[in-house]
Visitor: 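Provided herewith is a single structure, encoded as C-alpha cells, for subsequent inquiry.
Worth knowing before you read on, the calculation uses all heavy atoms, side chains too, and leaves out hydrogens, waters and symmetry mates. Numbered from 1 within each chain, the chains take letters A, B, ... in sequence-line order. This is a predicted model, so every value here is computed, not measured.
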There are 2 protein chains.
Amino acid sequence: MTSDPKRPLTLRDVSEASGVSEMTVSRVLRNKGDVSAATRQKVQDAAKRLGYVPNKIAGALASSRVNLVAVIIPSLGNMVFPEVLAGISEVLEDTDLQPVVGVTDYLPEKEEKVLFEMLSWRPSGVIIAGLEHSEASRAMLRQAGIPVVEIMDTDGEPIDTCVGISHRRAGRKMAEEIIAAGYQKIGFMGTKMPLDHRARKRFEGFTRTLAKAGIEIADQEFYSGGSALAKGREMTAKMISRSPDLDFLYYSNDMIGAGGLLYLLEQGVAIPDQIGIAAFNGVELLDGLPRQLATMDACRREIGVKAAQIIVARNLGLASEDATTVTLSPKLSPGETLRRG
Amino acid sequence: MTSDPKRPLTLRDVSEASGVSEMTVSRVLRNKGDVSAATRQKVQDAAKRLGYVPNKIAGALASSRVNLVAVIIPSLGNMVFPEVLAGISEVLEDTDLQPVVGVTDYLPEKEEKVLFEMLSWRPSGVIIAGLEHSEASRAMLRQAGIPVVEIMDTDGEPIDTCVGISHRRAGRKMAEEIIAAGYQKIGFMGTKMPLDHRARKRFEGFTRTLAKAGIEIADQEFYSGGSALAKGREMTAKMISRSPDLDFLYYSNDMIGAGGLLYLLEQGVAIPDQIGIAAFNGVELLDGLPRQLATMDACRREIGVKAAQIIVARNLGLASEDATTVTLSPKLSPGETLRRG
DNA sequence: GTGAAAGCGCTAACAT
DNA sequence: ATGTTAGCGCTTTCAC
C-alpha cells in the first residue's frame, strides 16, 4: 500500500524512498548540478516507481520562474487563430516554455479578465492579438515586467513589441488590384463586428483607396453569427438581386467568399468576367473549391513563429530595444476570380 | 515613482500602501471573512491604484487550491475540438474554474508529456479526449486524486468518468441507413490515422454492419495532411474512375465529404440517385453547401457541457460513484444526399 | 473585525 | 558530489 492515495506525493516521499536528500532529488529531477550516476539512478527509480509528479506551483514560487507564455486571442472558431497557435507551439516546443491560451470572444472586458487571470500566474511572456486594449489592460501589460508581443496587426503603437501585417495596407493593395483589373461597381460584404479592428482597418484601407480613384462602394452588407459559408451565400444572393449591375464583390473573409463563389457559380455567373470576387486570409480550405478564390495571405503561421521567437529571445536576455514593430507582407493571390481574361 | 518597476507587487505593498495588515488585505481581495466597509474601501483603492495583480502561485501553494481544469485534446485544427471547448467554457464561466488546453497531435507520447506537465500544476480536474492512453498516462490520471472525464468516445472502460457517443454504433447506424436506402456498392474514404481511434471505431461499426447484410466495402481510400476539402475532391475523382460502379460514398469526416460532393456535382453526377453520399460530424460549414450533406451529429458542444458539469459537481463534493459513463445519442441527418427519390 | 505566526513544497545559496 | 538553511508570497489557524 502506498499510503493515503488522496495526498499527492512530494519530493520528501521520493527522498525517503530513495534514501537521498530532498535537495539531491530535486537536482536529479531537474538535471541541475552534478549528481553521481548511481544516485541519479536511485532517485529516478524511486520517482518512477512512486509515480511522482513534481509540484510546479511550489517550484515556481521558490524559483520565481514560470515556463508559461500567455497567448490571448479572440476566438478559436476562426481557424485563423489555431494557425497562429501552431506557429507559436512549433517554436516553443524546442524550448522549455509552454503556451497557455486564453480566449476573449472579441470583448474588451473579457480580454481584461483573461489577462488579469493569466498574469496572476506570472507567465514568462504574453502574446496578445491586436493593438486595441482597454486602458486597464495596457496598464497591466506595462506593469507586468515581462515581454509582451502584440500580434496580427501593425497599424498602431505597440506597448512593447508587435508582429503582424498592416490591414489598412492589405485593404489598399486589394483595392489597387481590383481597380487595375478594370472593375468599377464594387460591393462589399463583411462581419458586423465593431470590435474586430482588423476587419475594420482592411475596410478602411479598401474604401479610401477606391475613393482616391473616384470609386465609391456601390453596395454593402454585414452579417453576424451563423455558418459563414451560408451567410456568404445569402448575402451574395441578396446583394446581386438588389444591385444587379455590380461587377466585383469583396468579402472580408474567405469563408463568406467561398459561399458567394459557390452561389454565383450555381447561378451561372461568369467569373471573373461578369463578376470578379476576392476575399481575405488564404485559408487552406480554399484549395478544394471549384475555382481558386482571389485572396490575401495573412501570414498567420509566420506571425506565430516570429512572436514566439521574440519571447524566447527575451527570456534568454537577448535583443530588447531594437525593432519594436515587425511588419510582414501579405501576398495577394489573384487565383482565378480577379483578373479578367 | 512606484519604485522598481521590475519587481511585481506583493500583498505587502498593498498592505503598506493602505495601512492595513496583509491578512486583511488578503481577505478583502478574496471577499473572504468579515471586513468593515471602510477598510475594504481603503484596500481596494490601494490595490487598484498600484495595479496589484495577486500571485496565484503563492495563493495556490498556501491553500492547495488551483482553479484550473486541464483539457487535453488531439488538435485545434479539427473544428470538432473548439466546439467541445466552447461547451466546456460555457459551463466553467459560471464557476471559478478555468479551462487550460493542451494539444497532443494524436500522439500518445505527446499526450503523456502534456498530461504530466498539466498535472504538475495540480489542476482541479482533467477532461481528456478518448479512452486510449498509454499505461503511464492512465497511472498518472488514477494517481492524481482529481476528477477525470474522458470524452468523445464511450466504447471502452473509463478510468473514472466518461462522456461521449459510441462511434461503433454511429458507424453501424449509418450503415443501416445506407442499406435501407437500397445502396449496394459502397466506397469508403477517410484519414490515414492509425491513432484516431474514434474514426477507426466508426469504420469498424460500419463495415461490420455491412458484412452482416452480406455487403463488403467495394473500394476504399485514405489520406493524410493537406486541405481536407481538396483531398475529398481528389480521392473521390480517383475512386470514381477506378470503381465506376459505386453507388454510395461514405466519408469519415464532413470536410472530405464536402469536397467529394462539390466534385460529383461538377461532374454532373445525380445525387443521391446515381450516387449517394454521407459523412460524419455535422459541422456548421455544411449549411452553405449546394446540397445538404447526409451526416451524423457528434454532439460536440453537449459533450463539453456535460463533462464540465461533472467536474464542477465533483469539485463541490457532489455525486461521484453513480453513472460513470454518459452515452449521448448522435442524430443522423439524411440531408439531401442519402435517401433516393 | 483584525492581526501574528506557521507553514504550503519546492529551490537558491551556501556549506561541507 | 551531497546536505543544510532560508525563504518565495500567500492562506490557514488561532489569538485578540
Visitor: Does the side chain of I72(B) come within less than 4.5 Å of M118(B)'s, by heavy atoms?
Guide: yes
Visitor: Ignoring the backbone of Y52(B), work out which of dG3(C), dC10(D), dT2(D) is nearest its side chain.
Guide: dC10(D)
Visitor: State whether the side chain of N55(B) and the backbone N or O of R122(A) hold a donor-acceptor pair below 3.5 Å, judged by distance alone.
Guide: no
Visitor: For L9(B), does its backbone N or O pair with a side-chain atom of D13(B) as donor and acceptor, under 3.5 Å?
Guide: no
Visitor: Atom CH2 of W121(B) and atom P of dG9(C): how far apart are they, to the nearest Å?
Guide: 16 Å
Visitor: Please indicate whether R12(A) has more than 12 foreign heavy atoms, meaning atoms of other residues, nucleotides or ligands, lying under 6.0 Å from its CZ.
Guide: no
Visitor: Whole Å only: how far is the CZ atom of R12(B) from the P atom of dA5(C)?
Guide: 13 Å
Visitor: How many Å lie between CD on E22(B) and C1' on dA4(C), as a whole number?
Guide: 11 Å
Visitor: Taking the nucleotide of DNA chain D with the closest heavy atom to each, which residue, I57(B) or G33(A), is nearer the 5' end?
Guide: G33(A)
Visitor: Whether S36(A) contacts dA1(D) is assessed here as follows: a side-chain N or O lying under 4.0 Å from the phosphate OP1 or OP2. Is that the case?
Guide: no
Visitor: Establish, with yes or no, whether the OP1 or OP2 oxygen of dG9(D) is under 4.0 angstrom from a side-chain nitrogen or oxygen of T10(B).
Guide: no
Visitor: Flag the pair V100(A) / V71(A) as yes when at least one side-chain heavy-atom distance between them is below 4.5 Å, and no otherwise.
Guide: no
Visitor: Between dG3(D) atom P and D34(A) atom CG, what is the distance in whole Å?
Guide: 14 Å
Visitor: What contact category does N55(B) fall into here, base, sugar-phosphate, or nothing, at under 4.0 angstrom with non-hydrogen atoms?
Guide: sugar-phosphate
Visitor: Can you confirm whether E157(A) is buried at CD, in the sense that more than 12 heavy atoms of other residues, nucleotides or ligands lie under 6.0 Å from that atom?
Guide: no
Visitor: Can you tell if the side chain of T161(B) reaches within under 4.5 Å of the side chain of P147(B), non-hydrogen atoms only?
Guide: no
Visitor: With a non-hydrogen cut-off below 4.0 angstrom, is S64(B) in contact with a base, only sugar-phosphate, or nothing?
Guide: nothing
Visitor: To the nearest Å, how far apart are K56(B) NZ and dC10(D) C1'?
Guide: 13 Å
Visitor: Anything under 3.5 Å between a protein N or O and an N or O of nucleotides 12-16 of chain D, put it in a table, one pair a line.
Guide:
| unit_1 | atom_1 | unit_2 | atom_2 | d |
| --- | --- | --- | --- | --- |
| dT12(D) | OP1 | R65(B) | NH2 | 3.0 |
| dT12(D) | OP2 | R30(B) | NH1 | 3.3 |

Visitor: Could you state the CG-C1' distance from L9(A) to dC8(C), rounded to the nearest angstrom?
Guide: 16 Å
Visitor: Could you tell me the separation between the CG atom of N31(B) and the C1' atom of dT11(D), rounded to a whole number of Å?
Guide: 15 Å
Visitor: Please figure out whether T39(B) or L61(B) has its closest DNA chain C nucleotide nearer the 5' end.
Guide: T39(B)
Visitor: Taking atom P of dC8(C) as reference, at what distance in whole Å does atom CG of L11(A) sit?
Guide: 13 Å
